[in-house]
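Some notes on the structure that comes next.
Quick caveat, the model's predicted, so the values are computed rather than measured. No hydrogens, no waters, no symmetry mates; every other heavy atom, side chains included, goes into these values. One-based numbering, in listed order, for ligands and for the atoms of each.
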Amino acid sequence: VPRRKIVASSEVEQSYIMIKPDGVQRGLVGEIISRFEKKGFLLKGLKLFQCPKDLAQEHYKDLKDRPFFPKLIDYITSGPVVCMAWEGDGVVASARKLIGATNPLQAEPGTIRGDLAVQTGRNVVHGSDSPDNGKREIALWFKEGELCQWESVQTPWLIE
Ligand code: UDP
Ligand code: MG
């Protein structure tokens, strides 16, 4: 199989995916990572991380005037999260589909929230809502050098 050109990351769509503290506490880390791996996206960054309050507030700044904001910040900072950067054409919208609706009771079976959660306030996973926010959030949660440039041996078998 011919080798494909390795494209610079800035040209490729990326999504920031985060397993929230409930997902970590409930032992769902492997299950959730596995869904993105099996789909065929490329893992560019991964870490277990205790989120400081100011970072949680910055990440969710668009929601700062909502009544649930203080509880949301307490939730996200209540224990370690798993931070991930996933890459691939269409990854942002596709990851949102894999994750399912914000309210897990409305999320379709087969989605992460549809299969693994029951409440909006404990919905186990975050996914960026636009390619621009994907870049913004990855820059917020990862430092320079924490992302890996690599090519998966699967790529030629996933992308023609
Ligand atoms: N959230 C909440 N109560 C609400 C709406 C949202 O606790 O009524 C939390 C929930 O954890 C959600 C996060 O705030 O995942 C961000 O909300 P958003 O509307 O962006 O949902 P998402 O993009 O995560 O599906
Ligand atoms: Mg959102």
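Counting heavy atoms under 4.0 Å from ligand 1, residue Leu72 touches it through the side chain alone. Under 4.0 Å from ligand 1, the heavy atoms of Lys20 that appear belong solely to its side chain.
Looking at atom 10 (C) of ligand 1, its nearest protein heavy atom turns out to be Thr120 O, 3.4 Å. From the protein, the heavy atom lying nearest to atom 1 (N) of ligand 1 is Phe68 CE1, 3.5 Å.
The Thr102 neighbourhood of ligand 1 comprises atoms 12 (C), 21 (O), 22 (P), 25 (O), with distances under 4.0 Å to a heavy atom of that residue. Within ligand 1, the atoms closer than 4.0 Å to a non-hydrogen atom of Asn123 are 10 (C), 11 (O), 12 (C), 15 (O), numbered from 1 in the order shown. Taking every heavy atom of Leu63 and a limit of under 4.0 angstrom, the matching atoms of ligand 1 come to 16 (C), 17 (O). When each atom of ligand 1 is checked for a heavy atom of Tyr60 under 4.0 Å away, the hits are 16 (C).
Contact annotation: the side chain of Ile17 approaches that of Ile99 to within less than 4.5 Å [non-hydrogen atoms, C-beta and beyond].
The shortest N or O to N or O distance between Arg96 and ligand 1 is below 3.5 Å.
The local environment of NZ in Lys64 is sparse, with at most 12 non-hydrogen atoms from other residues, nucleotides or ligands closer than 6.0 Å. Within a 6.0 Å radius of CD in Glu146, other residues, nucleotides and ligands contribute more than 12 heavy atoms.
Scanning all heavy atoms of the two residues, the minimum distance from Ile112 to Val125 falls at CG2-CG1, 4.0 Å.
Geometric assessment of Lys47 against the ring of Phe142 yields a positive cation-pi assignment under the 6.0 Å and 45° thresholds.
Among His126, Arg113, Arg122, the residue whose heavy atom lies closest to atom 24 (O) of ligand 1 is Arg113.
Relative orientation of the His126 and Tyr16 rings is tilted, given thresholds of 30° and 60° on the angle between their planes.
Between the Thr111 side chain and the Ala107 main chain, no donor and acceptor come within less than 3.5 Å of each other.
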